[in-house]
Amino acid sequence: MAPPRRAYPPCARSYFLLLLLALHPCCLVRRAAAQSQPADDDAQLLLRIKSAWGNPPALATWDASSARAPCDWTFVGCDGTAGRVTNLTLASAGVAGPFPAEAVGGLSALTHLDVSNNSISGAFPTALYRCASLQYLDLSQNNLTGELPADIGSLGKNLTTLYLYSNGFNGSIPAGLGALTRLQTMWIASNPFLPGVLPASFKNLTNLVSLWAAQCNLVGDFPSSVLEMEELELLDLSNNMLTGSIPAGVWNLKNLQQLFLYSNNLTADVVVNDLAATNLNYIDLSENYKLTGAIPEVFGTLKNLTHLYLFSNNFSGEIPTSIGQLPSLSTFRFANNRFTGTLPPDLGKYSGLTIVEADYNELTGAIPEELCAGGQFRYLTAMSNQLNSSIPAGLANCTALKTLALDNNQLSGDVPEALWTAPKLNYVTLRSNQLSGSLPVTMPSNLETLAMENNKFRGSIPATAVALRKFTAENNQFSGPIPASIGDGMPQLLTLDLSGNQLSGDIPRSVTKLSQLTQMNMSRNQLTGEIPAELGAMPVLSVLDLSSNELSGAIPPALGKLQLTSLNLSSNQLSGQVPAALAIAAYDSSFLDNPGLCTAVAGPGYLAGVRSCAAGSQDGGPSGGVSHALRTGLLVAGAALLLIAAAFAFFVVRDIRKRPLVAERGDWKMTPFVVDLGFGEEPILRGLTEDNIIGRGGSGRVYRVTYTNRLNGSAGAVAVKQIRTAGKLDGKLEREFESEAGILGNVRHNNIVRLLCCLSGAESKLLVYDYMDNGSLDKWLHGDALDAGGHPMARARSVRRAPLDWLTRLKVACAYTKKVNEKVDVYSFGVVLLELTTGKEPNDGGEHGSLAGWARHHYLSGGSIPDATDKSIRYAGYSDEIEVVFRLGVLCTGEMPSSRPTMDDVLQILLKCSEQTHEKSKTERVPEYEEDPLLLPQRGLVHMHSK
């Protein structure tokens, strides 16, 4: 039994208190000093902070001689009584250096500290634990590193707001954060934490209103602790690696307004059992790829919903009609799914709708008539569906419309004329439908892209489109002459494709005023007259196709001045000698079916189908004036030679069978890409033996072949890549060969292996490269085994390299820029960037031929960029930086040279990206560019973060 507590009378308690004060007078003195620390002490602490940061200009007003120091200093706020510093707001002040923790920690009255968006370095400042009154702390967008301390909960029970996002904090997310139970806002996004889960202690954060934990390397199932945060209004767990399904409990958070779960690995149907979150205005579930099932019907009851992002998943079924009746809906993006049925017929009728993105689904039916009923509609893309009917008049009359992309549908009927008067119309693609109608003489002044191939448009070609940069109208029914003033009316044009129409008359000479034009295709028309010599003065023209017309006369020698990557003048009525500058292997098939043409080039066959000028006319009698006796003698001699050749062939074949040559027939055709190769096909073919194999791939083998330079006698080596099938080359391999030869044959880059020539045989193709002693980039990217071919000992010792990590790949990219200094190098450098980000080879483009072609199509069609990247770096925590480099690679390999960035621009972007990779700070959020779908990011202004 515990003894009873001793009770003292009131007078005794007073006596003891007086005695205590008498014995310890210093106690009250110290406490009073802490509560009434003079403002002068705060001023001295602030001056120490200023000095620690190198006296930056932004703090010039911090001067002890000022009358009301420190309360009249910039960025400083004081209380109204004692003059103590309570607020220090240095956001975006341009300060740099280590955090002056001790000095800041001495500001004991501080309640609000904001040093965001600077260049402050060092570890998390635990000295802030001394600021017991601190309520608001913002350290975001700096260069702070290291682990967050386990005792971070010591920041105090008064803290309500904590911003730590966009730094370099690593390690695990500390459980101590769960002790900050008064927190209402916690943003820890964009830090390279170790892969892990949200601590279970987060369930204690029941006052949390805003949680932003995007790009924190979260793994595992959806964190159950979040479901305990009943006050949540904003939840962002995007850009992580969460798996499993979205728990139904999320939809029971009654205060939830914004939900961001995009770019995870979430799966299964979206199940909503009981919707309590009726105030939701922003839902983004995009880019999970494996979310399935239908859109929950209950989403159609969310009266405040403004943004619904579901794209790049595996959703299916019909879109609920009620979605079209939502009164606040502004943006609805659901591309790259398997939705069926029709677009909701009331879409846009009851709200200020601005954006609908419906590409790559299985939608049928009509385009809703009232998309623009609210007068704000700007953007419709619904490519690659099965939409039918016509373009509605209500959409065509929309004055706010900027972008319309309806390629690859079953639309028909005349396009309303009102569409071509829309004042803000910027981007229109209508490819591969059955649309008809005509175009006005003058197109909208803001229109930059018009792609309408494979339709039934008729009438004349417009004469004026002052902003137009791309105009492709292949395979329509346009007729009449090309406007004589086209060169003046379309001064910004980069690409012009009018092929496959019924155009007639001469090629207007004003075309030569299109100084930015890089591609011109007028083939398969009824054009007449001569080719204007002025075309030779077009500064950046790289593709010229005038084939299948009725052009006549000589080929202007001035065309030889152009730096063409593709030329086709076939199937005309041209005559005379092919200019010497054009009579080269690169234009081998450029002059077919022009009987009047001849070439002065000696020897067989650089120009297919073109006779030698020295041979004279091809119109002779069957005997050509040769006597019967002579013909008989020639036949006898030929038979004798044939017998000798047969005997010789027997011994040659027997020898060949001892060596696995790449082909058994001698009909090889060599196409050189450099002057003075120093070797012919013979040493290449002789070197294709088992002993010379240095690698094997899915389409053939790679050989190291040595030769003696026939020009100077020196020894040399080349790498020969064989593309071979058992019989005739299939289409895929044919495209692979043509792609690699066509692109790499024209690339000149100090850091990219040079394609010297190619050899074409009946059953295989050979690509001959400079030999690289250290192997190829893709071997280092993929970590391929060092296959030594037929050498058993070497095979036994073969090892597997680890794939390059992202930091190393970025160093490779930056190192390459040091030797790239010509405009033509930008393309080849872009190929390197795409190799580094995708892990693919330059010719690995599938049906698109090259890697550059595949990447361009993937990007422009709205494909997921993370899905295109190399899996070995995809989840390394640098997704933003990898995406930037991928986009840069696409820009550098653009079809139009004039559209590619300069290497100075590329270098600046890479340096910035490298800085972000190493420091993980200042992560930029890309705004939404509705004006141009090529610039449209994968989501909008992400939850419109505002502090």
Should [X] and [Y] count as side-chain neighbours, where that means a heavy-atom distance under 4.5 Å?
{"X": "Leu347", "Y": "Ile319", "answer": "no"}
{"X": "Trp187", "Y": "Thr161", "answer": "no"}
{"X": "Ser328", "Y": "Asn281", "answer": "no"}
{"X": "Leu113", "Y": "Asp138", "answer": "no"}
{"X": "Ser879", "Y": "Ile882", "answer": "no"}
{"X": "Phe315", "Y": "Phe334", "answer": "no"}
{"X": "Ile355", "Y": "Phe332", "answer": "no"}
{"X": "Leu155", "Y": "Phe124", "answer": "yes"}

**Aromatic plane relationship, Phe260 with Tyr282 - under 30° parallel, 30 to 60° tilted, over 60° perpendicular** = tilted
**Item:** Ring geometry between Trp854 and Phe886 (parallel below 30°, tilted from 30 to 60°, perpendicular above 60°)
**Value:** perpendicular
In Å, rounded to the nearest 0.5 Å, how long is the span from [atom1] of [X] to [atom2] of [Y]?
{"X": "Leu180", "Y": "Ser154", "atom1": "CG", "atom2": "OG", "result": "8.5 Å"}
{"X": "Asn142", "Y": "Phe169", "atom1": "CG", "atom2": "CZ", "result": "8.5 Å"}
{"X": "Asp359", "Y": "Glu357", "atom1": "CG", "atom2": "CD", "result": "5.5 Å"}
{"X": "Leu232", "Y": "Asp236", "atom1": "CG", "atom2": "CG", "result": "11.5 Å"}
{"X": "Asp114", "Y": "Leu90", "atom1": "CG", "atom2": "CG", "result": "8.0 Å"}
{"X": "Leu406", "Y": "Asn409", "atom1": "CG", "atom2": "CG", "result": "6.5 Å"}

Does the [X] side chain pair with the main chain of [Y], one donor and one acceptor, at a distance under 3.5 Å?
{"X": "Asn239", "Y": "Asp880", "result": "no"}
{"X": "Asn385", "Y": "Asn361", "result": "yes"}
{"X": "Thr160", "Y": "Gln184", "result": "no"}

Output all residues satisfying side-chain contact (heavy atoms from CB on, under 4.5 Å) with [X], sequence neighbours left out; order by chain, then residue number.
{"X": "Ala127", "value": "Ala101, Glu102, Arg130"}
{"X": "Asn204", "value": "Thr181, Ser201"}
{"X": "Arg182", "value": "Asn158"}

Can you confirm whether the side chains of [X] and [Y] place a donor and an acceptor under 3.5 Å from each other?
{"X": "Asp870", "Y": "Thr838", "answer": "no"}
{"X": "Ser92", "Y": "Asn117", "answer": "yes"}
{"X": "Ser263", "Y": "Glu287", "answer": "yes"}

**Asked** Which is it for Tyr309 and Tyr262 under the ring pair (Phe, Tyr, Trp, His ring centres under 6.0 Å) test, yes or no, and what are the steps along the way?
**Response** CA-CA 9 Å; Tyr309 287 8; Tyr262 62 85; 8.4 Å; no
**Fill in**
side-chain contact (heavy atoms from CB on, under 4.5 Å) with Arg809: of Thr837, Leu836, Val885, only one passes, and it is Leu836
**Asked** Quick check: are there more than 12 heavy atoms from other residues, nucleotides or ligands sitting under 6.0 Å from CD of Glu362?
**Response** yes
**Request:** Mind checking ring pair (Phe, Tyr, Trp, His ring centres under 6.0 Å) for Phe222 and listing every partner two or more places apart, or none if nothing turns up?
**Result:** none
**Asked** For Ser351, which residues count as a side chain to side chain donor-acceptor pair (under 3.5 Å) partner, sequence neighbours excluded?
**Response** none
**Message:** Taking side chain to side chain donor-acceptor pair (under 3.5 Å) as the definition, give me every residue that meets it alongside Gln325, ordered by chain and number, with sequence neighbours left out.
**Reply:** Asp346
**Item:** Shortest non-hydrogen contact from Asn304 toward Thr278
**Value:** ND2-O, 4.2 Å
